[in-house]
Amino acid sequence: MNKHWQAHWIRHPEFQGIAPIGLLHKEADPQPGSVHPPELKHHHTLFRKEIDLAAEQLEKLRLDISADDYYKLYINGIFVAQGPAQGYPFHYHYNRLDVTPYMAVGRNVIAVHVYYQGLVNRAYNSGDLRQGLIAELTTAGEPEPLAETDESWRCARTMEYGAGDAATTGYDTQYIEHIDSRLAFHGWRAASYDDSGWLTPAALGLEHTGYMLFEQPTPPVEVYRKNPARVQRIGDDHYLVDFGEEITGQFTMKARGEAGTVVEIRCGEEQDDEGHVRYEMRCNCNYREQWTLSGHEDELEPFEYKAFRYVEVIGPDGALDEQTFAAVVRHYPLKDAQSGSFRSEDRLLSGIWDICGRAVRNCAQESYVDCPSREKGQYLGDNTITGHAHLYLSGDSRMVRKALRDFALSTAVCPGMMAVAPGNFMQEIADFSCQWPMQLLTYYRHTGDAEFLREMLPYAEGIVEYFRKYRRADGLLADVKDKWNLVDWPDNLRDGYDFPLTRPAGDGCHNVINALYYGCMKSVQEIKDELQMEYEDALPGFKTAFLAAFYRPESRLFTDAVNSGHSSLHAVVFPLLFGLAPEEAVTALVAEIRRKRFSCGVYMAYFVLKALAGVREYPLIYELITGDDEHSWSQMLREGATTCFEAWGKDQKWNTSLCHAWGSAPIPVVIEDIIGLKPARPGWGEVSFEPQLPPGMKPFHLRIAVPGGTVEVRYDGKAAELVLPDQAVRRPAGR
């Protein structure tokens, strides 16, 4: 806890006296806790506080604020911010906001919309009956708050968004919001609103709540309006709205009609064969909602966010104002002057970069979410790719640092880490746990943050130690059953991997989990090298056992399992990636990858490309990125993608999300392995620039932000020029 709070934690009175439910448990264990009262689910509470300010108090006004599950803050009727990033109660976040521009001399009102969802899912730390708000307003040089949450605030539950018996969508990810504006508290955000009929909140000292509050290490999400790219009227009361690209956010509009008039809103990522919005989405979300008008001019303001490109609006003629159709977009802040950009005369390569970049943008919310639709969860394995790409797109390492800590905190549940964190949805994937030390090294190489590296080292060592219990006599892991053995996803894109990947996994010893565990140990040793710490080298003995179990000298390939004769792409790639392959096997392994290409999922593509980079197979890397196979980014573009998909094509998975940032591998690979730009020393203290541009590559311009300024690479078709903050270096195009 990094500050002393004078404010109280305030809750709607319906939560007074209710004990929280403990929901943290190993995935295979039964969920603890009692039954959740259904009437407290999908609970929207409005909180208000009016204060008078003098002119001398309007200097550097700061509001510290948090809520469970989530808040949207308004001051004097103007939207300010929303949050916080989700967290476990023992490490919960608050936001520190500069609210000086929103305050004025005289009467001011702080209005907060707090949402408690009540479902156990990947999106929220909810379902635990923890609800409420805490806030303190201070000014420069004054030790005492100007305002703080206590029993002087007023609150009311609004039923405008429905109740806990409403339908949910996705994997119980969110409630369908059938908004009834007749039930709204119109004008509640204004200082002139009469809240005398509202309730007094239940107040409790923070020390009695079980929360430990830490300032959120990342900024709140950026929120802004986006106008449609096209609005088509397809009937007297029927509009099709196209925003031109997939976005994450809400649809908003204004309408006026008789009280009880219903407007239907359908959102989706694509259109169906008849040109209507496919609101029953292939990713298992149903975005069909109804909005009931109040009889006055109403504004549609959904609380939850969706992933969509298209909206269909159906309502009575004359009630709808198409000039007000807009999206409220939200994502982690990306400043144009600092964000990474790439433009090439090769339209295909530019298109691939664009769909990957938009997916990373859309999936970077308060945490990295696997998709902003069906799950909205931060998955450890996805972060290997998404976090790497986001470092280059944003020039901002705070999000990766926070994600690493999120998973370190999940060791409160299991020292081998959870697959989803934070959140009260318990899922464990062994493959993902083994990648966390790799992610920590990537962060360190981009930032040079040795203090954080040292702080996180015990968690990395804890993963290595956790899996020791599965070691057999030769040191290899076998029967890893308490966590899912994923290999790849979806399961139909595992290239026939010959091992029972049931849940729990089958008996025996298989290739991928052992290769990943070797990579995990290798990363921990590299971390200790960076920190100049001594250790006993565990790699040679493990490598000897791995080769004896899985390497077949006659084919110079690796098999999927100890007793298998099958060599999947995955069994080939991971040994090559982590340096487990003998030198004489490299040619055969590369030839096998060239033959199989991306006979894998999109997630796995990152490891395929990075394995090839490790043996300097740059032409093949470029060929795979720009290929036109059925398994390619080209396939996504042919199917109309504006963000990269969860699978290579819409029909290659039974519930494909059309925005999934784990498909963004081309961004770090193009930068580091084709353009050849990467940090030569941690923190970009020195830049490595070794272009490996293939013959025929068209001119391009790359810009990325790094500590100390912006780095650019320009290629005119003959030579590549590196432009550093204080110098330019021209290099030949390639080998």
Side-chain angles (χ1 to χ4, degrees), residues 1 3-21 37 39-52 61-76 80-87 89-90 92-97 99 108-118 124-138 144-159 161 185 188-189 191 193-216 303:
M1 196 179 312
K3 71 165 277 184
H4 171 70
W5 288 83
Q6 298 186 50
H8 287 71
W9 187 272
I10 60 174
R11 295 173 293 170
H12 189 278
E14 292 178 346
F15 286 87
Q16 186 171 12
I18 295 180
I21 301 173
E39 66 273 13
L40 294 182
K41 294 183 178 182
H42 196 36
H43 196 289
H44 291 263
T45 306
L46 310 180
F47 291 94
R48 282 173 43 85
K49 174 68 175 179
E50 295 191 11
I51 57 171
D52 289 310
L61 288 165
R62 186 184 79 194
L63 186 72
D64 290 343
I65 182 171
S66 186
D68 199 338
D69 298 328
Y70 200 77
Y71 74 83
K72 293 187 180 180
L73 169 68
Y74 305 84
I75 295 179
N76 295 325
V80 178
Q82 60 189 61
Q86 294 296 287
F90 57 82
Y92 206 73
H93 295 112
Y94 70 90
N95 298 118
R96 176 160 287 178
L97 307 172
V99 296
N108 293 266
V109 62
I110 302 172
V112 189
H113 184 164
V114 172
Y115 180 50
Y116 171 77
Q117 189 195 58
Y124 286 109
N125 278 82
S126 198
D128 53 6
L129 290 172
R130 293 181 178 272
Q131 185 265 359
L133 168 72
I134 192 168
E136 280 183 356
L137 178 69
T138 57
E144 294 298 316
L146 298 173
E148 61 195 76
T149 45
D150 55 24
E151 291 179 332
S152 69
W153 286 56
R154 309 296 290 167
C155 72
R157 181 177 185 178
T158 177
M159 306 304 292
Y161 296 85
F185 291 91
W188 72 278
R189 301 168 188 158
Y193 183 79
D194 180 9
D195 61 11
S196 59
W198 285 24
L199 303 174
T200 299
L204 193 65
L206 184 61
E207 67 275 13
H208 301 299
T209 63
Y211 290 102
M212 295 188 68
L213 296 182
F214 295 81
E215 184 179 354
Q216 186 172 310
F303 192 90

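The structure presented is a predicted model; accordingly, all values stated were derived computationally and were not measured.
The minimum heavy-atom distance linking Leu133 with Ser66 is given by the pair CD1-O, 3.4 Å. The nearest pair of heavy atoms linking Ile65 to Trp5 is N-CH2, 4.3 Å. Of all heavy-atom pairs spanning Gln86 and Tyr92, the tightest one is NE2-OH, 4.0 Å. Ala156 approaches Phe185 most closely through the heavy-atom pair CB-CZ, 3.9 Å. Heavy-atom minimum distance, Ala7 versus Ala135: CB-O, 3.3 Å. Here the closest non-hydrogen pair linking Ala111 and Trp188 is CB-CZ3, 3.4 Å.
Taking CD1 from Ile134 and OH from Tyr94, the interatomic distance works out to 10.0 Å, rounded to the nearest 0.5 Å. Expressed to the nearest 0.5 Å, how far CD of Glu14 lies from CZ of Arg157 amounts to 5.0 Å. Between Arg11 atom CZ and Thr149 atom OG1 the span is 12.5 Å, to the nearest 0.5 Å. Between atom CG of residue Asp150 and atom CD of residue Glu136 there is a gap of 10.5 Å, rounded to the nearest 0.5 Å. Here CD of Gln117 is found 12.5 Å from OH of Tyr70. Values are rounded to the nearest 0.5 Å. To the nearest 0.5 Å, atom CD1 of residue Ile10 and atom CZ of residue Phe47 are 4.5 Å apart.
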Given Leu137 and Lys49, is the side-chain contact (heavy atoms from CB on, under 4.5 Å) satisfied, shown in steps?
-> CA-CA 11 Å; Leu137 178 69; Lys49 174 68 175 179; over 6 Å; no

Quick one: do Arg154 and Thr200 satisfy side-chain contact (heavy atoms from CB on, under 4.5 Å)? Show the steps, please.
-> CA-CA 5 Å; Arg154 309 296 290 167; Thr200 299; 3.0 Å; yes

Verdict with reasoning, Lys3 to Phe214, per side-chain contact (heavy atoms from CB on, under 4.5 Å) = CA-CA 8 Å; Lys3 71 165 277 184; Phe214 295 81; over 6 Å; no

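Residues forming a side-chain hydrogen bond (donor to acceptor under 3.5 Å, both in side chains) with Tyr161 (at least two apart in sequence, or on another chain): none. For Tyr116, the ring pair (Phe, Tyr, Trp, His ring centres under 6.0 Å) criterion is met by Phe15, His36, not counting sequence neighbours. Applying the ring pair (Phe, Tyr, Trp, His ring centres under 6.0 Å) rule to Tyr193 yields the partners Trp198; only residues at least two apart in sequence or on another chain are considered. Here Arg130 pairs with nothing under the side-chain hydrogen bond (donor to acceptor under 3.5 Å, both in side chains) rule; sequence neighbours left out. In terms of the side-chain hydrogen bond (donor to acceptor under 3.5 Å, both in side chains) criterion, His8 has no residue partners (sequence neighbours excluded). Residues satisfying the side-chain hydrogen bond (donor to acceptor under 3.5 Å, both in side chains) criterion with Thr158, sequence neighbours excluded, are absent altogether.
Leu63 places a side-chain heavy atom less than 4.5 Å from the side chain of Leu73. Proximity of Ile18 to Leu40: side-chain heavy atoms (C-beta onward) are separated by under 4.5 Å at one or more points. Counting only heavy atoms from C-beta outward, the side chains of Asn125 and Asp68 never approach each other to under 4.5 Å. Annotation: side chain of Cys155 is in contact with side chain of Leu199 (closest heavy-atom distance under 4.5 Å). Residues Leu61 and Leu146 form a side-chain contact, since some pair of their non-hydrogen atoms from C-beta on lies under 4.5 Å apart. Between Tyr211 and Leu206 the shortest side-chain heavy-atom distance falls below 4.5 Å. When side chains are defined from C-beta on, Ile75 does not count as touching Val109, because their heavy atoms never get closer than 4.5 Å. In this structure, the side chains of Glu144 and Gln6 come closer than 4.5 Å at one or more pairs of heavy atoms.
In this model, a donor atom of one side chain and an acceptor atom of the other lie less than 3.5 Å apart for Asn95 and Tyr71.
A donor-acceptor pair under 3.5 Å links the side-chain atoms of His93 to the main chain of Ala85, judged by distance alone.
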